[in-house]
Amino acid sequence: MEEDEFFGEKTFQHHCSEFIKHSQQIGDGWEWRSSKDCSDGYMCKTHFQIKSGTMVSHPGTYAGVQTCPPVEEVLEVPLDDAEATETAAASEVIKYEYHVLYSSSYQVPVLYFRASFLDGRPLALKDIWEGVHECYQTRLQQGPWDTITQQEHPILGQPFFVLHPCKTNEFMAPVLKNSQKINRNINYITSWLSIVGPVVGLNLPLSYAIATSQDESNAL
Amino acid sequence: MAEEPESVLQLPSTAAAGGEGLTDVSPETATPEPPSSAAVSPGTEEPSGDTKKKIDILLKAVGDTPIMKTKKWAVERTRTIQGLIDFIKKFLKLVASEQLFIYVNQSFAPSPDQEVGTLYECFGSDGKLVLHYCKSQAWG
C-alpha cells in the first residue's frame, strides 16, 4: 500500500486491522470497536498496573524485556486542588485504557487514554504521569498542557485525556518519506504508536517491528 | 547516503551523556562478522573471557537531521535507547526542546528503556545493528 501524506480513514482502518492481527498473535490485547452505526470505529487496549510502579503486563509473549522502571520522583506539576496523593504504602491496581481514533480534521490517528482505580475513581493526569518513562517526564513538565488535553471521546462521549495530534504529521513525515524512498511499506499505526505510546506509559513490544519486516519480506 | 572514512577518535567520558562504553569503530575493524565473534573495537577495555559486551551500531540520519561525523559506534549491550538518544543529542548539540527519535527497521521506535543488546539480537545483521535517528520538535 502506497504511503503518502494523505492518511484517510480507510487507510487508518486498514493499518489498525493489520496491527490488531499481530496483537492477536502475541496476545497484546488490542481490539477493534465499532461505533453504534458502524460508520467508524477505534482500536483499544486495556491493561492493569500496580501503582507501586511495577508493570503487570497483559498475558502474552514478546521479544524483549518490557518493564516499566520504577518512578519515585514527584512531578513538579502544580495541583489546583487538594487531591490526596497515593503513597506507595498500599499497592493498588490501576486500569489503563488506550484508544486510537481517527481525526478527520488532522487526518492522523489520535491517542485517547484514561486511567482509573478498580472502584472506578479516575486518576488525575499527574498520577498517570507517574507511570511515564523518566525520559519523557521532563518534556511533559515543560509544556504538558499544550500537548495533553482532556476531551470527550467522540464515540463513547466520556472524558479522556488526549495526546494532541497537531504535531503528528511533523514527526511522521520523515518516517513516511524515508519508507517511500527505500520503497518499503510500513504500518503507519505501528510506527506512530511506537513513538507516542511511551509518552503516556504505553510501550509496544518489539515483535511489532519484527512483524513489519516479515510482511515486507513476504511482499518481496 | 555515502559512508565517509571514519577517523578513530577516543571520546572523553565527559563528552558523553553518561556514555561510558561508547567508542567509535574504525572502518577497518567493522568487517562483517557473526555476532558471536570476539572482535572488539580498538582501544576498549573489555574484560577478557566475557562474552562480547559491546555491539556495533551504525547510526544513520533520517530527513533533515544532521549527519553525525562518526557513524559507527561500539556500544555496550545494556545501553538503553534513551541513553543512546541522550548521547546523540549531545553529540549533535541539540537544544532541549528538540526531540530525537531512534528507529529500527527505519520504521519502529523502540521503547526508551529497551536495551541495544536485545535490538541487536533481533535486528542485527552482518555483525552490526543499523539504527536510524530523526530530529523533531514534536512536543516543543
Go through the steps for Leu119(B) and Leu206(A) under the test side chain to side chain contact (heavy atoms under 4.5 Å, CB included), then give the verdict. CA-CA 8 Å; Leu119(B) 294 177; Leu206(A) 214 46; 3.6 Å; yes
Distance-only, no hydrogens or angles: does the Ser191(A) side chain make a donor-acceptor pair with backbone N or O of Ser107(B) under 3.5 Å? yes
Reported CZ-to-CG distance for the pair Phe108(B) and Asn187(A), which is rounded to 0.5 angstrom: 10.5 Å
Could you grab the distance from atom NZ of Lys181(A) to atom CD of Gln106(B), nearest 0.5 Å is fine? 8.0 Å
Please identify each residue that fulfils ring pair (Phe, Tyr, Trp, His ring centres under 6.0 Å) with Phe19(A), with sequence neighbours left out. Trp30(A), Tyr208(A)
Heavy-atom pair with the smallest gap, counting every atom of Phe171(A) and Tyr103(B): O-OH, 4.0 Å
Between Ile182(A) and chain B, which part of the residue has a heavy atom less than 4.5 Å away: side chain, backbone, both or neither? side chain
Assess the residue pair Gln114(B) and Asn203(A) against the criterion (side chain to side chain contact (heavy atoms under 4.5 Å, CB included)); give the C-alpha distance rounded to whole Å, side-chain angles, the decisive distance to 0.1 Å, and a yes or no. CA-CA 10 Å; Gln114(B) 187 70 252; Asn203(A) 287 336; over 6 Å; no
